[in-house]
Chemist: 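One structure, as structure tokens, below. Some questions next.
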Amino acid sequence: MSWPTTVTELARLQEAVGAIAPDPWYPSPEGLATGGVFVCFGRGGSGPGAQGDFGWAGASVVRDGRIIAGATVTGVAGGAYRSGYLALREGPLLEAAVRALSEPFDVLLVNATGRDHPRRAGLALHLGAVLGIPTIGVTHRPLLATGDRPQSDAREATGLLFLGDDLVGYWVRTRSDSRPLAVHAGWRTSPETARSVVLLATAANRTPEPLREARRLARTARSADSPPLG
DNA sequence: GCGACAG
DNA sequence: ATCTTGTCGC
């Protein structure tokens, strides 16, 4: 498993990875260690982002509500942003940040889709296949999947996300009265497992703690490396 | 009317 | 993602 450098090669690998049905993983009720990984890129013009942009990736591990590990790495975007080909741009950077963690964990939250993808292999799922660990995708909105938002404004309200006839994830309201997050089945995880783990990993904020900490680490590293002029 | 396709 | 504008709630 790897990170191709061209869209043609990536599409071919996604077809292969998307066709795999790995053994399902189930969270153990006690002491679940959940990781999170997030990448942000340098400032500079607007637009979708180009190949070669500098990036900062943060990763964290949270267990029993406590942050027990954190890591940050820097690198370069492997490609411009292209819907369906996020792995080209962010894959290597995300993998490096996760490998830099000093503590083991059970499942990883990734800011990307999973089975909700043209070739059933969104970046969250692809990263899990590369690392050989269960992953779950968390995004603001679906890529291709469709489904009604939760009816209730209460925390834990959900809505189904379908890609054709397949249930690929859930809308999950992680905090009362906040917009729901799109939660995606990833590597070795079902939509139900994804929903359950995301709720377990969420505290007072809308964003699950592992992702929140990973994002904080990435942005802090970026501001330290590229302070505003003047 | 445009765009509607993760980050 | 990042940017910008506007609104809401603490």
Side-chain angles (χ1 to χ4, degrees), chain A residues 3 7 10-11 14 17-18 36-59 73-98 108-129 135-147 149 153 161-164 168-172 175-187 189 191 194 198 204-208 211-212 214-223 225-226 228:
Chain A
W3 301 110
V7 291
L10 176 58
Q14 288 173 334
V17 172
V37 64
F38 180 95
V39 62
C40 60
F41 293 94
R43 319 215 171 187
S46 52
Q51 177 171 37
D53 286 345
F54 275 94
W56 289 261
V73 300
T74 65
V76 172
Y81 168 72
R82 271 184 81 169
S83 173
Y85 298 94
L86 240 198
L88 215 53
R89 181 170 175 76
E90 308 181 352
L93 219 35
L94 295 178
E95 181 190 356
V98 173
L108 180 72
L109 266 35
V110 185
N111 198 349
T113 69
R115 228 85 227 190
D116 172 19
H117 183 275
R119 291 166 289 284
R120 304 297 192 277
L123 180 53
L125 189 148
H126 187 160
L127 181 59
T135 56
I136 289 165
V138 178
T139 62
H140 292 311
R141 59 178 188 274
L143 177 55
L144 299 175
T146 57
R149 303 293 188 69
D153 290 330
L161 280 173
F162 278 95
L163 213 197
V168 296
Y170 284 103
W171 278 118
V172 177
R175 184 170 69 174
S176 299
D177 304 313
S178 286
R179 256 193 83 257
L181 289 173
V183 173
H184 311 263
W187 185 249
T189 57
V198 163
N205 303 94
R206 183 171 83 121
T207 304
L211 272 181
R212 202 163 162 262
R215 181 176 62 192
R216 189 190 68 74
L217 287 169
R219 289 180 173 171
T220 297
R222 179 179 60 183
S223 58
D225 289 344
S226 50

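Chain letters run A, B, ... following the sequence lines, proteins first, then strands; residues in each count from 1.
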Chemist: Under 3.5 Å, is there a donor-acceptor pair between the side chain of Arg89(A) and the main chain of Ala50(A)?
Modeler: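 Checking the backbone N and O of Ala50(A) against the side chain of Arg89(A), a donor-acceptor pair under 3.5 Å is found.
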Chemist: Round to the nearest Å and state the distance from Leu86(A) atom CG to dA1(C) atom P.
Modeler: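 My rounded result for the distance is 11 Å.
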Chemist: Would you mind reading off the distance between Leu109(A) atom CG and dA6(B) atom P, rounded to a whole angstrom?
Modeler: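 Checked: the CG to P distance equals 19 Å.
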Chemist: Count the heavy atoms of every other residue, nucleotide or ligand shown that sit under 6.0 Å from CZ of Phe54(A), and state whether that count exceeds 12.
Modeler: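 No, because the 6.0 Å sphere around CZ of Phe54(A) holds 12 heavy atoms or fewer from other groups.
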Chemist: How many Å lie between CG on Leu211(A) and C1' on dG7(B), as a whole number?
Modeler: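 That distance rounds to 13 Å.
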Chemist: Between dG7(B) atom C1' and Leu93(A) atom CG, what is the distance in whole Å?
Modeler: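 That distance rounds to 12 Å.
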Chemist: What is the distance, rounded to the nearest whole Å, between atom CG of Leu127(A) and atom P of dA6(B)?
Modeler: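 Rounded to whole Å, this separation is 19 Å.
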Chemist: State whether Arg89(A) places a side-chain N or O below 4.0 Å from either non-bridging phosphate oxygen (OP1 or OP2) of dG7(B).
Modeler: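 No, Arg89(A) has no side-chain N/O under 4.0 Å of OP1/OP2 on dG7(B).
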Chemist: Whenever both distances are under 3.5 Å in a Watson-Crick or G-U wobble pair, mark it; put DNA chain B into dot-bracket that way, with [ ] for crossing pairs and | when the partner is on another strand.
Modeler: .......
Chemist: Taking side-chain hydrogen bond (donor to acceptor under 3.5 Å, both in side chains) as the test, write out the residues that go with Arg120(A), two or more places apart.
Modeler: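 Here no residue qualifies.
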Chemist: Under 4.0 Å, counting only non-hydrogen atoms across every strand here, what does Tyr85(A) touch: a base, just sugar-phosphate, or nothing?
Modeler: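 Base contact - Tyr85(A) has a heavy atom under 4.0 Å of at least one base atom.
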Chemist: If the condition is side-chain contact (heavy atoms from CB on, under 4.5 Å), which residues does Ala59(A) pass it with, not counting sequence neighbours?
Modeler: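 Result, side-chain contact (heavy atoms from CB on, under 4.5 Å) vs Ala59(A): Val37(A), Ala97(A), Leu101(A).
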Chemist: Take the protein atom CZ of Phe54(A) and the nucleotide atom P of dG7(B), then report the distance between them rounded to whole Å.
Modeler: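 Taking atom P of dG7(B) as the reference, CZ of Phe54(A) is at 24 Å.
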Chemist: At under 4.0 Å, does any side-chain N or O of Arg215(A) touch on OP1 or OP2 of dA1(C)?
Modeler: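 It does not, given that no N or O in the side chain of Arg215(A) lies less than 4.0 Å from OP1 or OP2 of dA1(C).
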Chemist: Can you name the atoms? Protein N/O to nucleotides 7-10 of chain C N/O, anything below 3.5 Å, with the distance.
Modeler:
none

Chemist: According to side-chain contact (heavy atoms from CB on, under 4.5 Å), who are the partners of Val7(A), at least two apart in sequence or on a separate chain?
Modeler: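 Here the qualifying residues are Arg82(A), Tyr85(A), Leu88(A).
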Chemist: May I ask you to decide if Thr135(A)'s main-chain N or O and Thr189(A)'s side chain share a donor-acceptor pair within less than 3.5 Å?
Modeler: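 Indeed, once roles are kept as given, a pair shorter than 3.5 Å links the two residues.
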Chemist: Between Glu90(A) (side chain) and Gly78(A) (backbone), is there a donor-acceptor pair under 3.5 Å?
Modeler: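 Not at all, since once roles are kept as given, no pair shorter than 3.5 Å links the two residues.
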Chemist: Does a distance-only test, which skips hydrogens and angles, find a donor-acceptor pair under 3.5 Å between the side chain of Thr139(A) and the base of dA6(B)?
Modeler: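 Side chain to base: no pair below 3.5 Å.
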Chemist: List in chain and number order the residues that pass side-chain contact (heavy atoms from CB on, under 4.5 Å) with Ala218(A), two or more places apart in sequence or in another chain; answer none if no residue qualifies.
Modeler: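 For Ala218(A) the side-chain contact (heavy atoms from CB on, under 4.5 Å) partners, ignoring immediate neighbours, are Phe38(A), Cys40(A).
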Chemist: Tell me, please, which residues at least two apart from Arg216(A) pass salt bridge (Lys or Arg N to Asp or Glu O under 4.0 Å).
Modeler: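 Applying salt bridge (Lys or Arg N to Asp or Glu O under 4.0 Å) to Arg216(A) gives Glu213(A).
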Chemist: Round to a whole Å and report the spacing from CG of Leu88(A) to C1' of dG7(B).
Modeler: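 In whole Å, dG7(B) C1' and Leu88(A) CG are 13 Å from each other.
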Chemist: Just to verify, which of Leu127(A), Asn111(A), Leu108(A) counts as forming a side chain to side chain contact (heavy atoms under 4.5 Å, CB included) with Leu94(A)?
Modeler: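 Result: among Leu127(A), Asn111(A), Leu108(A), Leu127(A) is the only option passing the side chain to side chain contact (heavy atoms under 4.5 Å, CB included) with Leu94(A).
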Chemist: Does Arg115(A) have any salt bridge (Lys or Arg N to Asp or Glu O under 4.0 Å) partners at least two apart in sequence or in another chain, and if so, which?
Modeler: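 By the salt bridge (Lys or Arg N to Asp or Glu O under 4.0 Å) rule, Arg115(A) matches no residue at all.
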Chemist: Please identify each residue that fulfils ring-ring contact (aromatic ring centres under 6.0 Å, His included) with Trp3(A), with sequence neighbours left out.
Modeler: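 With neighbours one apart ignored, the set is His126(A).
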Chemist: Convert the base pairs of DNA chain C into dot-bracket notation, remembering that pairs crossing earlier ones are written with [ ] and that bases paired across to another strand are shown as |; include only Watson-Crick or G-U pairs under 3.5 Å.
Modeler: ..........
Chemist: Please enumerate all residues that pass salt bridge (Lys or Arg N to Asp or Glu O under 4.0 Å) together with Arg212(A), with sequence neighbours excluded.
Modeler: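 Testing Arg212(A) for salt bridge (Lys or Arg N to Asp or Glu O under 4.0 Å), a comparison that skips the adjacent residues, returns Glu209(A).
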Chemist: Heavy atoms only, 4.0 Å cut-off, all strands: where does Leu144(A) land among base, sugar-phosphate and nothing?
Modeler: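 Answer is nothing: Leu144(A) stays at 4.0 Å or more from every strand.
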Chemist: Give me the residues of residues 116-126 of chain A where at least one heavy atom lies under 4.0 Å from an atom of DNA chain B, by number, or none.
Modeler: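 His117(A), Gly122(A), Leu123(A) - these, ordered by number, are the residues of the stretch whose heavy atoms sit under 4.0 Å from the strand.
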Chemist: Can you tell me the distance, in whole Å, between the CG atom of Leu181(A) and the C1' atom of dG7(B)?
Modeler: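 Going from Leu181(A) (CG) to dG7(B) (C1'), I get 15 Å.
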Chemist: Which heavy atom in Leu217(A) sits nearest to a heavy atom in Gly58(A), and how many Å separate them?
Modeler: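 Smallest interatomic distance, heavy atoms only, reads CB-CA, 4.3 Å.
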Chemist: With the six-membered base ring of dA1(C) as reference, does the ring of Tyr81(A) sit under 5.5 Å away with planes under 30° apart?
Modeler: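 Check failed, Tyr81(A) does not stack on base of dA1(C).
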